[in-house]
Every structure is written in structure tokens, then in C-alpha cells.
There are 2 protein chains.
Amino acid sequence: MVKTDKMDVMDLLFQYFRKYNRLSKEAEDAIEEISKLIAIKKNEDLQSIGHTCRTIYFINKGSARIHYFKDGIDITESFAFENNIIARVESLLTGKTSRKAIQILEDSEVVAINATQLFKLYDIYPEIERLFRKIFEAAYVDTVNRIEAIQFHSAEERYDALINDAPNVILRVPLKYISSYLGITQVSLSRIRGMK
Amino acid sequence: MVKTDKMDVMDLLFQYFRKYNRLSKEAEDAIEEISKLIAIKKNEDLQSIGHTCRTIYFINKGSARIHYFKDGIDITESFAFENNIIARVESLLTGKTSRKAIQILEDSEVVAINATQLFKLYDIYPEIERLFRKIFEAAYVDTVNRIEAIQFHSAEERYDALINDAPNVILRVPLKYISSYLGITQVSLSRIRGMK
DNA sequence: CTATTCGTTTAACATAGGATAAATAATCAC
DNA sequence: GTGATTATTTATCCTATGTTAAACGAATAG
């Protein structure tokens, strides 16, 4: 495996950022300083349950999910693929211990941004604070919309919507991780697929 | 009815703000300038469906809900009571037309903050941008947690949790508005209540 | 290549909550 | 206060999804 150069990856990340807010060169450099490129293998935990989340990840290659255990059952909260960020916001934004883990689903390469230092940069570069304000605002809106989808569509409709909106998920993620994301059991998901 | 003085209400609002981020006097004054005190009667729409949301409301007295129509059925997205803000974020934060309305549930007094002007203040007062960043981050985290509650608790558990977390809702809001908030029909809600 | 483990599907049965309709109860207009 | 409207409950029946168990298929280690 050829290891990707950090600079190339940071460029991708900054392109991603530009969709939300354009940064000055100095601000980009400041973010680069607090970022690390990490290679990590399938099925490993990028972050495990039980400590406060102080990192925001950008996925360069591969995929990951946030999951937790509810009454001993493994529940997927969300998926993320290349060119997107992933973070356990209920811990990152509150300082509380996270009950959730980030698990890598395919051999991956991610940029880990040190959030403690990032939040300090907010005071020096309001443009960075604005960038992440916008990123989290967009994620907030997505989450509000997701509630509607969960509450008022049947399991089958949710499955169809997932295929439409995120075909990657079905192609690249084991079904056992998808069912809980859809809010159903693995058996129900299998039944729904069987009807097609 | 004695009309409340705007200054008293703004003080309450600034106290609310202080829980998130303390503002300078100048920043508070700037917000006061773009805020209006509005009295509005039960069952009226504070904002109706179909235009872009450009206002953030703070409820001084009374209560409200955000709702929309799904296949002709009235769905409640959220409730708000005195000393809290309410806004249709899927429109406010994206600029898209809102499919949702804000309906007043009891005779109310609210502060209407002009969001177009507020967002302009972000450039002049980073402290105001930070304040609303924190407000929306907290709302985001609440929403992430709500998904878990919706997806993995029974209707009865969700009802019990509501009584616990927001007894106001049950006491002050018609049941017909509560059932859709819980993701069930009015008949199911009634059945659940009947079992107690 | 084979054995073992892990993931997925199928089957049979149970149940929470939806749909419809009708009966009460509460609220509102006059 | 009376009648009309609106909100809530109760009853019946029905369906989607849960539960458990077993069968089948795919991936992995050695």
C-alpha cells in the first residue's frame, strides 16, 4: 500500500472546508499544525467508548460508523465515507464522556484534528470558528430532517430512501450494522430485502 | 392585561443568553435594536408555512409549537415555553422555504429577533456569533439524543419520559398536538394514558 | 482446501401500535 | 345556559415489526 502524503490529504480537507467557509492561508496552516494523518485497519476502533471526545476526523479513504450499546445490543448512529468528517458531537460539544465509539469499517486513512487545540484557534481566527459553526449547523439541519424520516416512514420506506441517498452504505457496509441505523432488527431488514 | 415593558423582557433574554456566552453591553444593545416585542393570541400562527424563516423568537410568556403537514396530517416537531427560544432551523440556517409553521398555543408574548440583521452582526461582534454557535450546538446535541429516544423506546416509554422531562407539555398542551410529537396517533396516546 | 466462524435469510409465532368508527367529555359561541 | 363544535376515550379489527430458532451462505485462518 502506497502511503498518502499528508499534504495531499490536507488539500482535500481544505477543499471540503471551502464548501462551508473559505479560510486564509494562515488559518489553514494553523489547522494543519494540529492535524495528524492516521492509517487504521478495518474493524479497529478509532475511538472507543468511555472518554471525552476531543478529536474531529476527516475520512480520506475508507469508512467508519459511530455506534453504541443499548441493552447489550449494538446500535449504529451514523456512517461516514471518504471526503466527510465524523465526530461524536454529544461528547465533543458538551465535554461529557461519550458512550459511543467510532469503528472503522474498511481499511482507512483519516485526518485527526485535535479539537481542544481547534477550539483555542476559534479565539485567534474567527474564520475558523465560523467554518465549524457552519459545518455543525448543516449537520444539525440534517439531524432535524432525519427525525422526520425516522418517525413517519415505514421501515421499508427508510430502507428505500437509504439506497437512494447513500448507495455506498448498502454496498460497503455489512447489513448487520445497517439495520439498527434504520431502527429495525436485522431480521426485519432481511425480510424487507427479501420482498424486493 | 398589563403589557410587559420591552426592557424587562430583553433583560430576561440576555439572562438566557448568559447561560451560553456573556455579551458586552454594546453587543446586547445591538441585539436589542433588531428585536421587537410581540403579543399574540392563542391558536394564531406566529409564522406560517411557505416562506423563508428570518426570525428567531424568544418566548417571554406562553407557549408555541413548530408543526407541519405530512400527507394532510398535522405533525408537531417541537414545543417551546417561556424562557426559551424557538426557530425553524431547517429554513433559518439554510435559506430554504420552510414547510413548517410556528403556532402559538397560549396567549403569548415573544421577542422577535430579526435574523437577517442578526447574522450581519456576526461580522461586527464575534461574541454574538459565538453565542448563537453555542445555542445551536446545544440544540444539535439535544436533537441527536432525541433520535435515540425515538428509535429505541416504545411509545409508552416516550410518553413517560415526556412527563418526566417536560411536565409542562402534558399540562398545557392539547393531547392532539402531543401524539404526533411522540410519533404515534392520538388514539394510541389515549390508549397508553388509559393504562395508567 | 477444509473447518470454523460470522453474516444473512427464512420460518413461525407474538405484540405494539395503526385505522376506523362510535361514544363521551370538554369547550366555545351565542 | 343551550346547542354546536372540538377534544378525548373506548372498542374492534388489522398489519408491520419484534422475537426466537434454525437453515443457509460467505469469509477467514490455518
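Convention: sequence-line order gives letters A, B, ...; per-chain numbering from 1. Quantities reported herein were computed from a predicted structural model and do not represent experimental measurements.
- At whole-Å resolution of the value, CD in Glu157(A) and C1' in dT17(D) are 14 Å apart.
- Checking the phosphate oxygens (OP1, OP2) of dT8(C), no side-chain nitrogen or oxygen of Arg193(A) falls inside 4.0 Å.
- Taking atom CD1 of Ile170(B) as the reference point, atom P of dT8(D) lies 11 Å away to the nearest angstrom.
- Remark: C1' of dT10(D) and CE of Met195(B) are 14 Å apart, rounded to the nearest angstrom.
- No side-chain donor-acceptor contact under 3.5 Å links Ser98(A) to the backbone of Gly50(A).
- Judged by distance alone, the side chain of Ser63(A) and the main-chain N or O of Phe81(A) form no donor-acceptor pair under 3.5 Å.
- Note on Glu90(A) versus Lys96(A): no salt bridge recorded, every NZ/NE/NH1/NH2 to OD/OE distance being 4.0 Å or above.
- Using a cutoff of 4.0 Å between basic side-chain nitrogens and carboxylate oxygens, Glu148(A) and Lys70(B) are scored as salt-bridged.
- Summarising the geometry, the separation between OH on Tyr159(A) and C1' on dT8(C) is reported as 12 Å, rounded to the nearest angstrom.
- Under 3.5 Å, the side chains of Gln47(A) and Tyr57(A) contain a donor-acceptor pair of N or O atoms.
- Aromatic ring pairs are classed by plane angle as parallel below 30°, tilted from 30° to 60° and perpendicular above 60°; the pair Tyr68(B) and Phe152(A) is perpendicular.
- No side-chain heavy atom of Ile150(B) sits under 4.5 Å from any side-chain heavy atom of Ile147(B).
- Rounded to an integer number of Å, the gap from NZ of Lys176(A) to P of dT5(C) is 15 Å.
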What one-letter contact string describes nucleotides 10-24 of chain C from 5' to 3', where B marks a base within less than 4.0 Å of any protein heavy atom, S marks contact via sugar-phosphate atoms alone, and - marks no contact?
BBB----BBSB----

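- The CG-P distance, from Leu182(A) to dA16(D), rounds to 17 Å in whole Å.
- For residues 89-123 of chain A, the set of pairs meeting the ring-ring contact (aromatic ring centres under 6.0 Å, His included) definition, not counting sequence neighbours, comprises Phe119(A)-Tyr122(A).
- Between Phe17(A) and Phe132(A), the ring planes lie perpendicular to each other; the angle is over 60°, past the 30° to 60° tilted range.
- Going from atom OH of Tyr177(A) over to atom C1' of dG7(C) covers 10 Å, rounded to whole Å.
- Summary for the helix from dC1(C)-dG30(D) to dC30(C)-dG1(D): the axes at its two ends, each from 5 pairs, differ by 50° when rounded to the nearest 10 degrees.
- Protein atom CG of Asp71(A) is 14 Å distant from nucleotide atom P of dG18(D), rounded to whole Å.
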